[in-house]
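Order of the sequence lines sets the chain letters (A, B, ...), proteins ahead of strands, with each chain counted from 1.
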Amino acid sequence: MRELATFEERLSAWTTETMAELFSLDETAGNLGVTPTNNEKFGDYQCNAAMELARTLKTAPRQIAQDFIDKAIVPEFIEKMEIAGPGFINIFIRNAALAEYLESIEQDEHLGVPQAGEGKTVIIDYSSPNVAKPMHIGHIRSTVIGNAIDRIYRFLGYHVIADNHLGDWGTQFGLMMVGFRSFVDKHALAEAPVEELERVYVASYNKSKEDESWREEAKKELVKLQQGDEENLALWKQFIELSIEEFNIIYDRLGVKFDLYRGESFYNKQLPGIIQALEEKGLAKESDGALIVDLEEDGMPICIVRKSDGGYNYATTDLATVQSRMAEFQPERIVYVTDERQQLHFKQFFTIAGKLGMNANLVHVWFGLMRLPEATFSTREGNVIKLAQLLDDAEERALEMVKASSPEMPAEEQKELARAIGIGAIKYTDLSQNPQSLVTFTWEKALNMEGNSAPYLQYAFARISSVYDKYHVLYPETDLSDCSINIEHEIERRLAIKLGRFSAAVIAAASNYRPNILADYLYELSQIYSSFYQNVPFLKAEEGTRESRIRICRITASVLKQGLNLLGIETPDRI
RNA sequence: GCCCUGAUAGCUCAGCUGGAUAGAGCAACGGACUUCUAAUCCGUAGGUCUCAGGUUCGAAUCCUGAUCAGGGCGCCA
């Protein structure tokens, strides 16, 4: 077992091993480990194996539990065990052991979180907006959730490659070309490039609906682009550059960094090879002029890999992308973060990748589409909320609160603080929900700064920092690391238990690709801390108790800071 | 028509691989700032976990069916 194993890990190993030995069981006996209790009166961890084993052992569950307690060699970190209800084994951890564990995670730069990913590469494909379209609130989920997964995997020791798979290729560029040449407003382009590009696109799109020759023209320009026409290529590159520049402004504000910006076009050269491989393996066939892969035996509709006009599809590009990534990076897995609408597409192309023998571990992490209370938003409806606007509003709202609570603070500092708080609030709103649930966007929710929100967590952190600083002013000579942790108060104990579960929260968030598990954990931790803060004195406590509590504060601060950092949320020292 | 999701307090949402009386926040009501930051804390109230079956010692959680809602299903990505 790893050095800094949690109580849960140690207990589970112990109960599983001991049960197996005492009752001569093999590994198939089911779950013999422990889980955290959800009520303190049942102890800290519970083992439910006795009920499960009752049938196979033909013994009453309480008797099994009793036998276990009587015969097992109990580790010294256990205070006591109790049998309750139908046969639960409730386990209580010794306070001294708890204190010892806290001290050990404090020494560890990863706060007890195992480096499970060492030597493994993971590619995470997220955000991936389309070129020439401004990011709106629909893009925030992929970006924020993807980035949290990115950070969490890095913290677990994985070598993460964050790849922004831009939508930089496709039929829309024909319309873009003709539209741009006819009615771009140079002034507007300089002011807000992507917004202007989008306006151009929408105008061109609308015209194409009525004007057939316009459509023809667009098609011609698209073909020219695909054939490498220099002028069109230059224009296309300009669209991309302008877009990336503007996306980066948003990414900077959100604290998101990518290792790669490889758009779909990056894989163009490989597309014919993919088609060839599909044909060679007998996977593709003609149908109505298009080339398709029949997936009926896999219970899925057919997948088009080459259109009847000879153009390639999304699926083909994605296959080429996998091939390229596998060859270049040999990732242990590739994770895609997109909205729910693409579930079928990913299932299809994962299946085809398997049939092609790509031998890649592909994961699709999907999240519910963002909706507005009135309806689904769409560019055509004109009811989109721009991401930049959302961030501005959040910062503004936070600034009002900062001004109200810290009027003496210099304006520059107020602004900086409001930025961290506003952006944090926006991110947290998305991260604290199960990604797969449907999300209805409301300003009220997005800008929430009270209760279960990022500012609540930031506030808890800031209060700790403040206490800690004050302690050092009052007792500059004391080295806290020389002072022992003593768990006395009930709320202190709850805090200690919770702190010990940080690594479990991080691991669960990673393996389920659900940052909300970590967000939940941090919120609960902050709640306990806030209660601790409000109800127990530390600076005014007696010597000894005081140092112990300040030390617990320090560990709480480390966990909060690290945890929030994994969600991409900043932790100002003052708020 | 077929497939994928979801339905939990008035509202917004948690509830991990089945475990003990289903939890938060907001809103409501009642308390706590001469005391470590009240963006906080303490308390009250609020539930037939959509419905009907099934599996199980044990179901909000797993299975089947129904209802409602969202999404997807050959040349968009």
Side-chain angles (χ1 to χ4, degrees), chain A residues 31 35-39 41-42 46 48 51-52 54-55 60-61 84-88 90 128 130 167 169-172 264 287-292 299-309 311 313-315 317-318 338-345 347-348 366 368-369 371 376 398 401-402 404-406 421 429 432-434 436-440 442 444-445 448-453 455-456 458-460 462-471 474 504-505 508-509 511-512 514 516-517 519-520 523-524 527 530-541 549-550 553 574-575:
Chain A
N31 182 12
T35 54
T37 57
N38 55 11
N39 189 324
K41 76 176 183 210
F42 301 137
Q46 57 176 298
N48 305 331
M51 276 94 71
E52 264 182 72
R55 175 166 301 219
F88 296 109
N90 293 334
S128 308
N130 285 327
W169 199 250
T171 44
Q172 76 271 25
E264 293 161 6
S287 172
D288 293 334
L291 196 68
I292 64 162
M300 282 180 276
I302 64 116
C303 179
I304 295 181
V305 290
R306 193 181 62 207
K307 299 187 281 184
S308 50
D309 67 1
N313 248 343
Y314 189 32
T317 309
D318 275 339
T338 82
D339 72 55
E340 58 184 333
R341 290 175 303 185
Q342 305 196 29
Q343 285 177 80
L344 178 61
H345 161 72
K347 249 197 224 166
Q348 288 181 318
W366 59 268
L369 212 53
R371 277 161 251 271
T376 311
M401 297 182 78
V402 171
S405 65
S406 311
I421 294 169
T429 301
S432 59
Q433 282 183 58
N434 186 330
Q436 301 196 343
S437 61
L438 249 121
V439 207
T440 303
T442 60
E444 193 195 350
K445 200 172 23 163
N448 179 31
M449 311 255 168
E450 275 166 16
N452 190 355
S453 67
Y456 177 93
Q458 290 170 321
Y459 183 66
R463 293 213 288 194
I464 303 177
S465 299
S466 174
V467 164
Y468 192 62
D469 290 351
K470 287 205 167 97
Y471 179 85
L474 291 169
S511 56
N512 294 293
R514 280 178 38 191
N516 79 299
I517 294 172
D520 270 1
Y523 176 60
E524 284 165 13
Q527 275 184 309
S530 294
S531 182
F532 176 52
Y533 179 89
Q534 206 88 13
N535 295 306
V536 176
F538 353 115
L539 289 178
K540 284 170 204 137
R549 288 183 178 159
I550 297 290
C553 280
R574 298 284 174 274
I575 171 169

Visitor: For a quick check of understanding: with a heavy-atom distance under 4.0 Å over all strands, which category does Tyr471(A) fall into, base, sugar-phosphate or nothing?
Guide: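 No contact at all - Tyr471(A) keeps every heavy atom at 4.0 Å or more from the nucleic acid.
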
Visitor: With both distances kept under 3.5 Å, what pairs with G47(B), Watson-Crick or G-U wobble?
Guide: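 Across any shown strand, G47(B) pairs with none.
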
Visitor: Are the ring of Tyr533(A) and the six-membered base ring of C41(B) within the stacking cut-offs of under 5.5 Å and under 30°?
Guide: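 Here Tyr533(A) fails the 5.5 Å or the 30° condition.
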
Visitor: With a 3.5 Å cut-off and heavy atoms only, can you find an N or O donor on one side and an acceptor on the other between the side chain of Asp339(A) and the base of A77(B)?
Guide: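 No pair found.
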
Visitor: Give a yes or no on whether the backbone of Ser531(A) and the side-chain of Gln534(A) come within a donor-acceptor separation of less than 3.5 Å.
Guide: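 Not at all, since once roles are kept as given, no pair shorter than 3.5 Å links the two residues.
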
Visitor: Return the 5'-most residue of the pair Val536(A), Asp288(A) with respect to RNA chain B, ranking by each residue's nearest nucleotide.
Guide: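 With Val536(A) and Asp288(A) compared, the 5'-side residue is Val536(A).
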
Visitor: Look at all strands and tell whether Asp309(A) reaches a base, only sugar-phosphate, or nothing, counting heavy atoms closer than 4.0 Å.
Guide: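 No contact.
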
Visitor: Give the nucleotide from the list G74(B), G15(B), A77(B) with an atom nearest to the side chain of Asn434(A).
Guide: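 The closest nucleotide is G15(B).
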
Visitor: If pairing requires Watson-Crick or G-U wobble contacts with both distances under 3.5 Å, which nucleotide is the partner of U40(B)?
Guide: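 Answer to the pairing question: A32(B), which forms a Watson-Crick or G-U pair with U40(B).
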
Visitor: Distance between the P atoms of U64(B) and U5(B), in whole angstroms?
Guide: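 After rounding to an integer number of Å, I get 11 Å for this pair.
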
Visitor: Compare the minimum distances between each of C75(B), A77(B), A20(B) and the side chain of Glu264(A), then state the nucleotide with the smallest one.
Guide: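 Among C75(B), A77(B), A20(B), the one nearest the side chain of Glu264(A) is A77(B).
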
Visitor: Tell me the closest heavy-atom pair linking Ile575(A) and Pro455(A), and the distance in Å.
Guide: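 Between these two residues, the closest heavy atoms are CD1-O, 4.1 Å.
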
Visitor: How far does the P atom of A32(B) sit from the matching atom of C13(B), given to the nearest Å?
Guide: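 Going atom to atom, P in each nucleotide, I get 34 Å.
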
Visitor: Base, sugar-phosphate or nothing for Ile517(A)? Non-hydrogen atoms, less than 4.0 Å.
Guide: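 Counting heavy atoms under 4.0 Å across all strands, no contact is made by Ile517(A).
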
Visitor: For Ala290(A), answer base if it contacts any base atom (sugar-phosphate contacts may also be present), sugar-phosphate if it contacts only those atoms, and nothing otherwise; contact means non-hydrogen atoms under 4.0 Å.
Guide: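 Base contact.
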
Visitor: Is Asp520(A) salt-bridged to Arg514(A), cutoff N-O under 4.0 Å?
Guide: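 Looking at Asp520(A) and Arg514(A), the cut-off is not met.
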
Visitor: Does any donor atom in the side chain of Gln342(A) or Tyr314(A) lie under 3.5 Å from an acceptor atom in the other side chain?
Guide: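 Side-chain D/A pair, Gln342(A) to Tyr314(A): present.
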
Visitor: Kindly point out which of G71(B), U21(B), C76(B) is positioned nearest to the side chain of Arg341(A)?
Guide: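 Out of G71(B), U21(B), C76(B), the nucleotide with an atom closest to Arg341(A)'s side chain is G71(B).
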
Visitor: Using a heavy-atom cut-off of under 4.0 Å over every strand shown, decide if Asn90(A) touches base, sugar-phosphate, or nothing.
Guide: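 It contacts base atoms.
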
Visitor: If the P atom of A22(B) is compared with that of C16(B), how far apart are they to the nearest Å?
Guide: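 Looking at atom P only, A22(B) and C16(B) are 15 Å apart.
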
Visitor: Could you work out the separation of C36(B) and U48(B) based on their C1' atoms and round it to a whole Å?
Guide: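 It works out to 47 Å between them.
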
Visitor: Please determine, for the side chain of Arg463(A), which listed nucleotide (A14(B), U40(B), G19(B)) has the closest atom?
Guide: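 Per side-chain heavy atoms of Arg463(A), the pick is U40(B).
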
Visitor: With a cut-off of less than 4.0 Å, is there a side-chain N or O of Asn31(A) near OP1 or OP2 of U17(B)?
Guide: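 False: Asn31(A) side-chain N/O out of range (4.0 Å or more) of U17(B) OP1/OP2.
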
Visitor: Heavy atoms only, 4.0 Å cut-off, all strands: where does Ser466(A) land among base, sugar-phosphate and nothing?
Guide: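 If one applies the 4.0 Å heavy-atom cut-off, Ser466(A) turns out to touch a base.
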
Visitor: Would you classify Ser530(A) as touching base, sugar-phosphate or nothing, given that sugar-phosphate means primed atoms plus P, OP1 and OP2, and contacts are heavy atoms under 4.0 Å?
Guide: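 Sugar-phosphate contact only - Ser530(A) comes under 4.0 Å of backbone atoms but never of a base.
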
Visitor: Kindly point out which of A14(B), C16(B), A77(B) is positioned nearest to the side chain of Asn512(A)?
Guide: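 Of the candidates, C16(B) comes closest.
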
Visitor: Of the options U37(B), A77(B), A14(B), whose atoms approach the side-chain atoms of Ser437(A) most closely?
Guide: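 Closest of the options to the side chain of Ser437(A): A14(B).
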
Visitor: If you measure from the C1' atom in G19(B) to the same atom in A60(B), how many Å do you get, rounded?
Guide: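 About 13 Å, rounded to a whole number of Å.
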
Visitor: Say you pick atom C1' in A20(B) and the same atom in G10(B); how far apart are they, in whole Å?
Guide: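 Going atom to atom, C1' in each nucleotide, I get 29 Å.
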
Visitor: Between C73(B), G72(B), C26(B), spot the one nearest the side chain of Pro301(A), thanks.
Guide: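 Within the option list, the nearest is C73(B).
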
Visitor: Using the ring of Phe538(A) (Phe, Tyr or Trp, six-membered ring only), decide whether Arg549(A) places NZ or CZ under 6.0 Å from its centre and within 45 degrees of its axis.
Guide: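 That pair does not qualify as a cation-pi contact.
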
Visitor: State the pairing partner of C68(B); accept Watson-Crick or G-U wobble contacts with both distances under 3.5 Å, and report none otherwise.
Guide: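 Across any shown strand, C68(B) pairs with G6(B).
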
Visitor: Counting Watson-Crick and G-U wobble pairs only, both distances under 3.5 Å, name the nucleotide matched with A20(B), or none.
Guide: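 Result: none.
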
Visitor: Gln527(A) near the nucleic acid: base, sugar-phosphate alone, or nothing, with a heavy-atom cut-off under 4.0 Å?
Guide: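 It contacts sugar-phosphate atoms only.
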
Visitor: Got a donor-acceptor contact below 3.5 angstrom from the Gln46(A) side chain to the Asn90(A) backbone?
Guide: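 Checking the backbone N and O of Asn90(A) against the side chain of Gln46(A), no donor-acceptor pair under 3.5 Å is found.
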
Visitor: Please figure out whether Ile575(A) or Arg306(A) has its closest RNA chain B nucleotide nearer the 5' end.
Guide: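 Result: Ile575(A).
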
Visitor: From the list C75(B), G15(B), U37(B), which nucleotide is the closest neighbour of the side chain of Ala462(A)?
Guide: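 Looking only at side-chain atoms, Ala462(A) lies closest to U37(B).
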
Visitor: Does the side chain of Asn38(A) get closer than 4.0 angstrom to OP1 or OP2 of A20(B) through an N or O atom?
Guide: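 Yes, Asn38(A) has a side-chain N/O under 4.0 Å of OP1/OP2 on A20(B).
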
Visitor: In Watson-Crick or G-U wobble terms, both distances under 3.5 Å, what is the partner of A60(B)?
Guide: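 Looking at the geometry, A60(B) pairs with no nucleotide.
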
Visitor: Would you indicate what Val402(A) reaches in the nucleic acid, counting non-hydrogen atoms under 4.0 angstrom: base, sugar-phosphate, or nothing?
Guide: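 The answer is base, as Val402(A) lies within the cut-off (heavy atoms under 4.0 Å) of a base atom.
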
Visitor: With a 4.0 Å cut-off on heavy atoms, is Arg574(A) in touch with a base, just the backbone sugar-phosphate, or nothing at all?
Guide: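 Base, at least one base heavy atom under 4.0 Å.
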
Visitor: Counting heavy atoms from C-beta on, name the nucleotide in G70(B), A20(B), A77(B) closest to the side chain of Gln342(A).
Guide: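 The nucleotide sitting nearest to the side chain is A77(B).
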
Visitor: P atom, G74(B) versus C11(B): distance in rounded Å?
Guide: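 That atom pair is separated by 37 Å.
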
Visitor: Check this for me: does the side-chain of Glu340(A) come within 3.5 Å of the base of U5(B) through a donor and an acceptor?
Guide: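 Such a pair does not exist between side chain and base.
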
Visitor: Measure from the side-chain N and O atoms of Asn313(A) to the backbone N and O of Arg306(A), and report whether any donor-acceptor pair falls under 3.5 Å.
Guide: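 Looks like no, no N/O pair under 3.5 Å.
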
Visitor: Tell me whether the ring of Phe88(A) lies stacked over the G19(B) base, given a 5.5 Å limit on centroids and a 30° limit on the plane angle.
Guide: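 No, Phe88(A) does not stack on the base of G19(B), since the centre distance and plane angle fail the 5.5 Å and 30° test.
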
Visitor: Okay, side chain of Ser405(A), backbone of Met401(A): is any donor-acceptor separation there less than 3.5 Å?
Guide: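 Yes.
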
Visitor: At less than 3.5 Å, do the side-chain atoms of Asn448(A) and the base atoms of U12(B) form a donor-acceptor pair?
Guide: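 No such pair is found, so the answer is no.
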
Visitor: Ring stacking, Tyr523(A) with base of A24(B), under 5.5 Å and under 30°?
Guide: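 It does not: the two rings, one from Tyr523(A) and one from A24(B), miss the stacking criterion.
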
Visitor: Looking at CE of Met449(A) and CD of Gln458(A), how far apart are the two atoms once the value is rounded to the nearest 0.5 Å?
Guide: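 So the CE of Met449(A) and the CD of Gln458(A) are separated by 9.0 Å.
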
Visitor: So Tyr456(A), base contact, sugar-phosphate only, or nothing? Heavy-atom distance under 4.0 Å.
Guide: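 Touches sugar-phosphate only.
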
Visitor: Which part of the nucleic acid does Ala84(A) contact within heavy-atom distance under 4.0 Å: base, sugar-phosphate only, or nothing?
Guide: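 Here Ala84(A) touches the bases of the nucleic acid.
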
Visitor: Side chain of Asn535(A): nearest nucleotide among G19(B), U37(B), C42(B)?
Guide: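 My answer, after comparing the listed nucleotides, is C42(B).
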
Visitor: On a plain distance test, is the side chain of Ser308(A) in donor-acceptor contact with the base of C75(B) below 3.5 Å?
Guide: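 Result: at least one qualifying N/O pair found.
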
Visitor: On a whole-Å scale, what distance lies between the P atoms belonging to G23(B) and U44(B)?
Guide: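 Result for the P pair: 13 Å, nearest Å.
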
Visitor: Are Tyr456(A) and Tyr523(A) near enough that their ring centres are under 6.0 Å apart?
Guide: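 For Tyr456(A) and Tyr523(A), the ring centres are under 6.0 Å apart.
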
Visitor: Is there a donor N/O on one and an acceptor N/O on the other, under 3.5 Å, for the side chain of Lys41(A) and the base of U21(B)?
Guide: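 Donor-acceptor pair under 3.5 Å: yes.
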
